[in-house]
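Values reported hereafter were calculated over all heavy atoms of this structure, with side chains retained and with hydrogens, waters and symmetry mates removed.
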Amino acid sequence: MYKYSKRTIIFNFIFAGLLLILGFYIATETWYMIVVGLIALLILKDAVSELRATFELAGDRMIVRNKDKVVKEIKYRDIKYMTITRRNKKWIVLADDNGILFTIKPRIENYEQMAADLIRLNQSNKKLEVHDYIKKTYKK
């Protein structure tokens, strides 16, 4: 089971707090305070959901949970491509012909191990194409 890193969660809480402080002490316009406050609340909501989120690699699927609720369920047989993004080589994208199914980012603790486990669990999936960089970097 994998989770978001504590550093990521703490950074989101600090950023939201700084936005609230800036919005209420520096702002002269009420609309500016309202917009900055709403943005800070959305970041706090995202931080709380990241705090509760877990990623589980089961036998035939990857399950993303928020507390006990299943948010996303990706079956390994649906994954056709395991590649990297153009801009950030550390982001691993799980995709099919229709689009992106999930993105594994360094914000997840032990994301390297998660990528290695995904490669290992998908060895029987013949239609999966894994990018050479991922094979070279994360396969153990």
Side-chain angles (χ1 to χ4, degrees):
M1 187 171 343
Y2 301 95
K3 296 181 176 185
Y4 282 103
S5 67
K6 292 179 182 177
R7 179 180 177 206
T8 300
I9 296 168
I10 291 170
F11 179 76
N12 281 345
F13 279 113
I14 290 172
F15 185 67
L18 287 174
L19 271 179
L20 286 174
I21 290 170
L22 287 174
F24 290 115
Y25 288 115
I26 296 178
T28 56
E29 299 274 333
T30 56
W31 289 107
Y32 180 76
M33 287 185 353
I34 291 170
V35 169
V36 170
L38 285 174
I39 292 171
L41 287 176
L42 290 173
I43 292 172
L44 282 174
K45 178 184 163 240
D46 194 41
V48 170
S49 69
E50 287 179 357
L51 185 64
R52 297 178 183 167
T54 58
F55 308 95
E56 181 181 341
L57 299 178
D60 66 336
R61 65 192 69 202
M62 181 176 134
I63 302 169
V64 180
R65 296 179 193 264
N66 193 348
K67 220 170 185 177
D68 292 331
K69 181 181 167 190
V70 175
V71 176
K72 194 173 222 180
E73 192 170 331
I74 302 168
K75 296 180 181 175
Y76 296 148
R77 68 173 186 256
D78 295 339
I79 302 172
K80 286 193 176 181
Y81 308 104
M82 189 172 184
T83 185
I84 56 175
T85 60
R86 290 182 184 167
R87 290 191 176 173
N88 196 336
K89 303 251 187 260
K90 292 187 177 185
W91 291 12
I92 299 170
V93 176
L94 306 175
D96 61 359
D97 290 332
N98 297 329
I100 296 173
L101 299 173
F102 190 73
T103 305
I104 301 171
K105 298 179 183 177
R107 298 173 64 168
I108 299 171
E109 283 182 348
N110 302 324
Y111 77 98
E112 299 99 349
Q113 181 64 37
M114 185 176 182
D117 288 345
L118 272 171
I119 293 171
R120 182 181 50 81
L121 290 169
N122 279 306
Q123 286 178 346
S124 64
N125 187 356
K126 298 299 179 195
K127 60 182 182 174
L128 177 69
E129 295 180 28
V130 181
H131 193 275
D132 292 334
Y133 180 81
I134 294 173
K135 285 180 184 176
K136 192 172 40 173
T137 308
Y138 301 112
K139 191 172 183 180
K140 294 180 182 177

Which pair of heavy atoms, one from P106 and one from W91, lies closest together, and at what distance?
CD-CD1, 3.4 Å
Neighbour count >12 (heavy atoms, 6.0 Å) for atom CG, L41
yes
Given side chains that start at C-beta, do those of L118 and L94 come closer than 4.5 Å, heavy atoms only?
yes
Expected output: side-chain Y81 to main-chain D96 donor-acceptor under 3.5 Å
no
Applying the 4.5 Å side-chain criterion to the ILVMFWY set and letting contacts propagate, would L18 and I10 be lumped into a single cluster?
yes
How many angstroms lie between CZ in R77 and CD1 in I79, if you round to the nearest 0.5 Å?
11.5 Å
Roughly how far apart are T137 OG1 and I119 CD1, rounded to 0.5 Å?
9.0 Å
Taking all non-hydrogen atoms of both residues, which atom of L121 and which atom of A58 are closest, and how far apart?
CD1-O, 4.0 Å
Checking I84 now: which residues fulfil side chain to side chain contact (heavy atoms under 4.5 Å, CB included) with it, not counting sequence neighbours?
K89, H131, Y133, I134
Listed pairs under 3.5 Å, donor-acceptor, residues 45-56 side chains, sequence neighbours left out:
from: S49; atom 1: OG; to: D46; atom 2: O; distance (Å): 2.8
from: E50; atom 1: OE1; to: N12; atom 2: ND2; distance (Å): 2.9
from: E50; atom 1: OE1; to: R107; atom 2: NH2; distance (Å): 2.9
from: E50; atom 1: OE2; to: R107; atom 2: NH2; distance (Å): 2.4
from: E56; atom 1: OE1; to: R65; atom 2: NE; distance (Å): 3.4

Is it true that Y4 and M1 fall in one hydrophobic cluster, defined by side-chain heavy atoms closer than 4.5 Å?
no
More than 12 foreign heavy atoms under 6.0 Å from CZ of F11: is that the case here?
no
Going from CD on E109 to NZ on K6, what distance comes out if it is rounded to the nearest 0.5 angstrom?
7.0 Å
OH/Y76 to CG/L128 distance, rounded to the nearest 0.5 angstrom?
11.5 Å
On a heavy-atom basis, the closest approach of K126 and Q123 is NZ-O, 4.1 Å
With a sphere of 6.0 Å drawn around CZ of F15, does it hold more than 12 non-hydrogen atoms of other residues, nucleotides or ligands?
no
Examine V35 and Y32 and state if one hydrophobic cluster contains both, with Ile, Leu, Val, Met, Phe, Trp and Tyr joined whenever side-chain heavy atoms are less than 4.5 Å apart.
yes
So how far is it from T83 OG1 to D132 CG, rounded to the nearest 0.5 Å?
9.5 Å
To the nearest 0.5 Å, atom CD1 of I74 lies from atom CG of L57 at 10.0 Å
I92 to A115 - nearest heavy-atom pair and separation:
CD1-CB, 3.4 Å
What heavy-atom pair brings K90 and Y111 nearest, and what distance separates the two atoms?
CD-OH, 3.5 Å
For A16 versus I43, what's the shortest heavy-atom pair and its separation?
CB-CG2, 3.9 Å
Starting from the C-alpha separation in whole Å, work towards a yes-or-no answer on side chain to side chain contact (heavy atoms under 4.5 Å, CB included) for V70 and I63.
CA-CA 7 Å; V70 175; I63 302 169; 4.0 Å; yes
